[in-house]
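As the structure lists them, so they are numbered: ligands from 1, and atoms in each ligand from 1. Quick caveat, the model's predicted, so the values are computed rather than measured.
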Amino acid sequence: MTTVGKKLEIAVALLSENELVAIPTETVYGLAGNALNESAVVKIYSAKDRPSFNPLIIHVATVAAIKEYAELDPISQQLAEAFMPGPFTLLLPKKSIIPDLVTAGSSKVAVRIPRHPLTLRLLQQLNFPLAAPSANPFGYVSPTTAKHVLDGLNNRVDYILDGGPCEVGVESTIAEVKDGQIILHRLGAITAEEMEAVTGLPVVQKVGTESFETPGQMKSHYATKIPLYLGDIPTLLQEHKEKNIATISFCKSYEGLISGHQYILSPKCDINEAAQHLFAVMRNIDEFNFDLIIAEPFPDKGLGRAINDRLERAQVIHK
Ligand code: TXA
Ligand code: MG
């Protein structure tokens, strides 16, 4: 049985017994377990049906704690101090205390300090880091509310710590400092421009490659059950006239569509609000009998880029 609540002491007790707890972060909810305990880590992979070659991010409360589990070079430290706590993950050489299972055998570990106050308090009360992938069954859209977690993982997690809807709404930026450059592995709220401004180093985007060095880029990620196409809404509507269609747009409404078929992510054209709503809307549409989802490309900057990246990944599986 899964219960939902706001009690930190329940979360602390379960995690200390190497059980699983879903935790709120500012990006998406995570499915957390003791990162130093192999049996807890095995439970995470199995609750999600996640292949064990896809490594997990560890979550800690402070930059000092990062150094207990990974080697923090000066540039990475600069990035950590600028963007943590926040929607930002660093890939770092791991220390041996982190089980190979967490990193799927890689010598590098992904580390992040979430900024959700409840989860930060939780991490401060634990004497181990939390391994936590997004709290969804493998391949589905990440959860941004406690209800989303329950929908996907009921009976597969003991407790869901309810911290309300996630503030950012898309997963963290993943970056790595390598050979005088910053490799951007996953697009998120922290942008290449911001990382360049802090470090003076060029940012090289590795997003979208299929290499297993960046398994976050696997095709089956973020997919709705209903096929999703990304492109110009009026053109695609015309091409699929006979179908029962839902649209996802930024702030514009389109003529010729019934209102219940149009999902506008931010009527006031605020990209932060659009990102907050994206996954909830994708999940919501999936509950109805639409044949097809048509989404338009979002502005190609900041969080708009991260939204486009998730939409592209959601569509590719159906092609
Ligand atoms: O915002 C987030 O990062 C959320 C919250 C819960 O913290 N977590 C999250 O975890 O999105 P997950 O597991 O769904 O995505 C993490 C991605 C995965 O695609 C994984 O392949 C990649 O990060 N990753 C983790 N550790 C890695 C490593 N050692 N080397 C390369 N990629 C890694
Ligand atoms: Mg995920």
Side-chain angles (χ1 to χ4, degrees), residues 20-33 35 41 44-45 47-60 69-70 83-95 98-116 119-120 122-123 129-144 148-149 152-153 157 160-161 163 166-176 178 183-190 206-223 275 279 303 306 309-310 313-314:
L20 304 187
V21 173
I23 56 168
T25 85
E26 75 281 25
T27 57
V28 301
Y29 276 73
L31 179 63
V41 176
I44 296 175
Y45 283 104
K48 268 184 72 94
D49 291 326
R50 178 174 174 123
S52 56
F53 56 76
N54 196 358
L56 309 177
I57 297 177
I58 67 164
H59 298 65
V60 297
Y69 307 113
F83 303 123
M84 293 179 179
F88 185 66
T89 297
L90 273 171
L91 208 51
L92 300 167
K94 88 174 186 75
K95 292 195 172 170
I98 297 294
D100 289 332
L101 198 58
V102 170
T103 63
S106 167
S107 60
K108 293 172 202 156
V109 62
V111 189
R112 131 172 170 74
I113 308 176
R115 75 164 173 235
H116 193 291
T119 291
L120 263 183
L122 173 67
L123 288 165
L130 291 177
S134 53
N136 51 281
F138 179 68
Y140 195 55
V141 180
S142 293
T144 54
H148 293 163
V149 180
L153 296 178
V157 55
I160 302 172
L161 190 61
C166 299
E167 172 202 337
V168 175
V170 295
E171 302 84 350
S172 60
T173 302
I174 303 181
E176 177 185 9
K178 199 175 177 182
I183 316 286
L184 178 55
H185 290 282
R186 183 171 68 185
L187 291 163
I190 302 299
K206 274 227 182 151
V207 170
T209 61
E210 287 295 311
S211 83
F212 268 167
E213 228 203 321
T214 52
Q217 308 315 323
M218 289 181 16
K219 280 188 173 180
S220 64
H221 266 67
Y222 317 107
F279 290 158
L303 265 173
D309 171 73
R310 303 312 190 265
R313 263 167 237 298

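- With a 4.0 Å cut-off on non-hydrogen atoms, I23 does not touch ligand 1 at all.
- With hydrogens and angles disregarded, no donor-acceptor distance shorter than 3.5 Å links the side chain of T27 to the backbone of E171.
- Counting heavy atoms from C-beta on, the side chains of V111 and K94 never come closer than 4.5 Å.
- The closest donor-acceptor contact from the side chain of K48 to the backbone of L153 lies at 3.5 Å or more, if one exists at all.
- Remark: among candidates A22, P55, S106, the nearest residue to atom 25 (C) of ligand 1 is P55, based on non-hydrogen atoms.
- Between H59 and ligand 1, at least one N/O pair is under 3.5 Å apart.
- Summarising the contacts of atom 11 (O) of ligand 1 with K108, H185, R186, the nearest heavy atom is found in R186.
- For ligand 1, the atoms closer than 4.0 angstrom to any heavy atom of E171 are 1 (O), 11 (O).
- Residues I44 and R50 are not in side-chain contact: their nearest non-hydrogen atoms beyond the backbone lie 4.5 Å or more apart.
- Numbered from 1 in the order shown, with element, the atoms of ligand 1 that lie under 4.0 Å from a heavy atom of P133 read 10 (O), 12 (P), 13 (O).
- Using a 4.0 Å cut-off between charged side-chain N and carboxylate O, E167 and R115 make a salt bridge.
- Contact annotation: for K94 versus ligand 1, there are no heavy atoms closer than 4.0 Å.
- Although no hydrogens or angles enter the test, the distance criterion places a donor-acceptor pair under 3.5 Å between the side chain of Y45 and the main chain of L101.
- Applying the 4.0 Å criterion to heavy atoms of S172 picks out, from ligand 1, the atoms 1 (O), 2 (C), 3 (O).
- Less than 4.0 angstrom separates some heavy atom of G30 from each of these atoms of ligand 1: 6 (C).
- Under the 3.5 Å distance criterion, the side-chain polar atoms of S134 are left unmatched by any main-chain donor or acceptor of N136.
- At least one N or O atom of T27, backbone or side chain, sits closer than 3.5 Å to an N or O atom of ligand 1.
- A side-chain donor-acceptor contact under 3.5 Å links R112 and T25.
- At a cut-off of 2.8 Å, S134 is counted among the residues with an N, O or S atom near the Mg ion (ligand 2).
- Looking only at distances, a side-chain donor or acceptor of T119 sits under 3.5 Å from a matching main-chain atom of P24.
- Nearest residue to atom 16 (C) of ligand 1 from N54, T103, I57 is I57 (criterion: closest heavy atom).
- Of all heavy-atom pairs spanning A110 and T89, the tightest one is CB-CG2, 3.7 Å.
- Using a distance-only test at 3.5 Å, with no hydrogens or angles considered, a donor-acceptor pair links the side chain of Y29 to the main chain of G163.
- Near R112, with a cut-off below 4.0 Å to any heavy atom, the atoms of ligand 1 are 1 (O), 2 (C), 3 (O), 5 (C), 7 (O).
- Between T25 and ligand 1, no pair of N/O atoms sits closer than 3.5 Å.
- Heavy atoms of R50 found under 4.0 angstrom from ligand 1 belong exclusively to the side chain.
- Taking every non-hydrogen atom of I174 and a distance limit under 4.0 Å, the qualifying atoms of ligand 1 come out as 17 (C), 23 (O).
- By the 3.5 Å distance cut-off applied to N or O atoms, Y29 is not counted among the residues near ligand 1.
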